[in-house]
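Below, each value reflects all heavy atoms present in this structure, side chains not excepted, and no hydrogens, waters or symmetry copies.
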Amino acid sequence: MVDKLEVTIDVIIHATEDISKFLKSFEEIFELKEGDFTVNQTTGHFENPITILNAKIEKNQAQKFVEKLVESLSNDQIKELIEEIEERTVDSRFHIRLDKQEFIKGNLIFKEKDAIKVKIHTSIYNKKDTVKIFSKIFQLD
């Protein structure tokens, strides 16, 4: 596995959604505890309450997160990620968006809108190595 992984997770939770369901799924799927997250309250465009969950995990915890992510994805999903490495990577950060509603059911499905944003960062010193490095990350043996 690649050294120095860092994972950032961002979730916007609307007033109609239950934060405890997200926290429960993060714990069940990725072994992330409530204490791994910062919780911020804000107000939406129409004065509706919004909760923002953020987590930044590093080192062994980030390694474990990526391993669990790869284990939870189908072979087709992993193939899709590897094929889209160049489109999904900005400044050494690989972007994945997961369907929020499927996530609270325990499923990891890619979705662009109203999604859980996951960024996997590792140091890439030469842009042409991006595909090689992230391919290695997603092909756990």
Other residues, nucleotides, ligands: >12 heavy atoms within 6.0 Å of [X] [atom1]:
X: E58; atom1: CD; answer: yes
X: N75; atom1: CG; answer: no
X: D91; atom1: CG; answer: no
X: K59; atom1: NZ; answer: no

- Using a distance-only test with no angle check, is there a side-chain donor-acceptor pair under 3.5 angstrom linking S20 and D18? yes
- Message: Quick one about Q101 and E17 (side-chain donor to acceptor, distance below 3.5 Å, no hydrogens or angles considered), yes or no?
- Response: yes
Would you check if [X] and [Y] make a side-chain contact, meaning some heavy-atom pair closer than 4.5 Å?
X: L32; Y: I9; result: yes
X: V131; Y: E86; result: yes
X: K117; Y: H95; result: no
X: I104; Y: F22; result: yes
X: T130; Y: F94; result: no
X: L81; Y: F134; result: no

Single-linkage hydrophobic cluster [X]~[Y], side-chain heavy atoms < 4.5 angstrom:
X: I109; Y: L98; result: no
X: I12; Y: V118; result: no
X: V11; Y: F110; result: yes
X: I116; Y: I52; result: no
X: F37; Y: I50; result: no

Give the minimum heavy-atom separation between [X] and [Y], together with the two atoms involved.
X: S123; Y: I133; value: O-CD1, 4.4 Å
X: A62; Y: V7; value: CB-CG2, 3.9 Å
X: G106; Y: I29; value: CA-CD1, 3.9 Å

- Query: Passes salt bridge (Lys or Arg N to Asp or Glu O under 4.0 Å), E67 versus K64? Steps please.
  - Reply: CA-CA 5 Å; E67 288 169 15; K64 196 186 290 184; over 6 Å; no
Distance, nearest 0.5 Å, that separates [atom1] of [X] from [atom2] of [Y]:
X: D36; Y: L53; atom1: CG; atom2: CG; value: 11.0 Å
X: Q61; Y: L5; atom1: CD; atom2: CG; value: 12.0 Å
X: I13; Y: D114; atom1: CD1; atom2: CG; value: 10.5 Å
X: S72; Y: E28; atom1: OG; atom2: CD; value: 11.5 Å
X: I137; Y: I120; atom1: CD1; atom2: CD1; value: 6.5 Å
X: K21; Y: K24; atom1: NZ; atom2: NZ; value: 9.5 Å

- Task: List the steps, then state whether side-chain contact (heavy atoms from CB on, under 4.5 Å) holds for K119 with V90.
- Result: CA-CA 10 Å; K119 293 181 213 134; V90 179; over 6 Å; no
- Query: Short question: side chain of Q77, backbone of L108 - any donor-acceptor pair under 3.5 Å?
  - Reply: yes
- Query: Would you find a donor on one side and an acceptor on the other, under 3.5 Å apart, between the side chain of R93 and the backbone of H121?
  - Reply: no
- Residues L69, I96; criterion side-chain contact (heavy atoms from CB on, under 4.5 Å); working and verdict: CA-CA 11 Å; L69 175 69; I96 301 173; 3.7 Å; yes
- Message: Strictly below 4.0 Å, N to O, side chains only: are K105 and E102 in salt-bridge contact?
- Response: yes
- Message: Could you check whether R88 makes a cation-pi contact with F138, meaning its NZ or CZ is under 6.0 Å from the centre of the six-membered ring and within 45° of the ring axis?
- Response: no
- Message: For N107 and D99: C-alpha separation, side-chain torsions, deciding distance, then whether side-chain contact (heavy atoms from CB on, under 4.5 Å) applies.
- Response: CA-CA 8 Å; N107 305 319; D99 185 311; over 6 Å; no
- Query: In terms of the angle between their ring planes, are F103 and F26 parallel, tilted or perpendicular, with boundaries placed at 30° and 60°?
  - Reply: tilted
